[in-house]
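As the structure is a computational prediction, the values presented were derived from the model and not from experiment.
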Amino acid sequence: MTTNVLVPLSDSVSSRAVVDYLVNLPFCPEDWNVVLMHLFRKPSASEELMGKKFTEEMSARYQDVLEKAQDRLIEAGFTPDHITIKMISEPYPTISDGIIDQFRKDKYDMVVIGRKRMTKAEEFVMGDVSVKLLRALEGAAILVVKSK
């Protein structure tokens, strides 16, 4: 039985921890269809001021992050045909909104996300993507990898 896994990534310590975790899991990676995805949230006013060139550079940077993660998984034994890279350029209001929407569109079995350590104040102000996913995706498996 094949498991469809959504792995949202960014250029962060917690995203690298997710890839490290997947590489070291003791299971049969050939049974997984993995979608490595990056999505954008709506830009803040300061990001909008940086312009189109900045946005294009960010897309290229994240494409590189996804390709490196793909290479790492293939080196660890994942089947190349079972790994897909997905760049979502249409911005979502929040990252969690984007993950939830993509999860529901393509019918995944699991989401594997990274989580950085946050203070209670940061969590209160910014929210916690993992908690939002747990609440919104009932019946789905959510694997949260905490970075050091």
Side-chain angles (χ1 to χ4, degrees), residues 1-44 47 50-119 122-123 126-148:
M1 179 174 186
T2 302
T3 303
N4 295 315
V5 182
L6 179 62
V7 184
L9 297 174
S10 65
D11 188 14
S12 67
V13 171
S14 58
S15 286
R16 286 187 288 280
V18 166
V19 176
D20 290 343
Y21 190 84
L22 288 174
V23 163
N24 292 307
L25 274 177
F27 64 96
C28 298
E30 61 272 3
D31 294 338
W32 281 30
N33 285 327
V34 177
V35 175
L36 302 171
M37 177 186 75
H38 178 78
L39 54 88
F40 291 92
R41 63 172 171 68
K42 289 191 177 175
S44 65
E47 290 169 332
M50 297 181 127
K52 186 177 180 179
K53 183 179 178 190
F54 175 76
T55 305
E56 289 170 356
E57 289 171 357
M58 293 300 287
S59 292
R61 180 173 143 203
Y62 289 121
Q63 182 69 28
D64 185 53
V65 167
L66 295 174
E67 289 171 1
K68 285 180 180 174
Q70 179 182 34
D71 292 344
R72 184 109 193 279
L73 292 176
I74 291 169
E75 287 172 13
F78 284 75
T79 307
D81 295 347
H82 291 206
I83 302 171
T84 306
I85 289 178
K86 192 172 186 179
M87 180 76 73
I88 309 297
S89 57
E90 184 65 34
Y92 284 92
T94 67
I95 296 298
S96 53
D97 289 338
I99 295 170
I100 292 164
D101 183 55
Q102 292 298 312
F103 185 91
R104 289 182 175 153
K105 279 182 181 176
D106 292 328
K107 310 270 194 263
Y108 294 96
D109 301 304
M110 177 189 290
V111 177
V112 182
I113 61 167
R115 182 176 193 273
K116 68 177 188 167
R117 293 180 194 257
M118 290 191 282
T119 66
E122 288 173 322
E123 207 170 294
M126 297 186 298
D128 184 343
V129 173
S130 58
V131 171
K132 290 177 185 175
L133 294 179
L134 287 169
R135 290 182 179 148
L137 302 177
E138 291 184 24
I142 313 292
L143 175 59
V144 180
V145 179
K146 283 180 83 172
S147 61
K148 295 179 181 179

Test log, rule side chain to side chain contact (heavy atoms under 4.5 Å, CB included), inputs Arg104 and Leu137 | CA-CA 9 Å; Arg104 289 182 175 153; Leu137 302 177; 4.1 Å; yes
Close side-chain approach of Leu143 and Val111, heavy atoms under 4.5 Å = no
Test side chain to side chain contact (heavy atoms under 4.5 Å, CB included) on Val7 and Leu22 and set out the steps.
-> CA-CA 10 Å; Val7 184; Leu22 288 174; 4.0 Å; yes
Closest non-hydrogen contact found for Ser96 with Lys132 is OG-CD, 3.2 Å
Distance col, row Leu133:CG vs Glu138:CD, nearest 0.5 angstrom, shows 12.5 Å
Might you work through the side chain to side chain contact (heavy atoms under 4.5 Å, CB included) test for Ile85 and Met37, ending with a clear yes or no?
-> CA-CA 6 Å; Ile85 289 178; Met37 177 186 75; over 6 Å; no
Nearest heavy atoms of Val5 and Trp32, plus distance in Å | CG2-CE3, 3.4 Å
Over all atoms of both residues, closest heavy-atom pair of Val65 and Ser10 = CG1-O, 3.6 Å
Steps toward salt bridge (charged side-chain N to carboxylate O under 4.0 Å, His left out) verdict (Asp20, Arg72) | CA-CA 9 Å; Asp20 290 343; Arg72 184 109 193 279; 2.3 Å; yes
Would you check if the side chain of Asn4 reaches a backbone N or O of Asp109 as a donor-acceptor pair within less than 3.5 Å?
-> no
How close do Phe40 and Ser89 get, heavy atom to heavy atom, and via which atoms?
-> CD1-CA, 4.0 Å
His38 NE2 to Ile95 CD1 distance, which is reported to the nearest 0.5 Å = 6.5 Å
Answer yes or no: does atom NZ of Lys68 have more than 12 heavy-atom neighbours from other residues, nucleotides or ligands under 6.0 Å?
-> no
Greater than 12 external heavy atoms within 6.0 Å of Tyr92's OH = yes
Spacing of CG belonging to Asp106 relative to CG belonging to Asp101, to within rounding of 0.5 Å | 9.0 Å
On a heavy-atom basis, the closest approach of Lys86 and Leu66 is O-CD1, 3.9 Å
Atom pair CG/CZ of Asn33 and Phe78 - distance to nearest 0.5 Å = 11.0 Å
Could you please spell out the steps behind the side chain to side chain contact (heavy atoms under 4.5 Å, CB included) verdict for Ile99 and Leu39?
-> CA-CA 8 Å; Ile99 295 170; Leu39 54 88; 4.2 Å; yes
Sidechain-backbone polar pair: Ser15 side chain, Leu9 backbone, donor-acceptor under 3.5 Å = no
Separation of Phe103 CZ from Met110 CE (nearest 0.5 Å) = 9.5 Å
Here the pair of heavy atoms bringing Pro8 nearest to Leu6 is CD-O, 3.5 Å
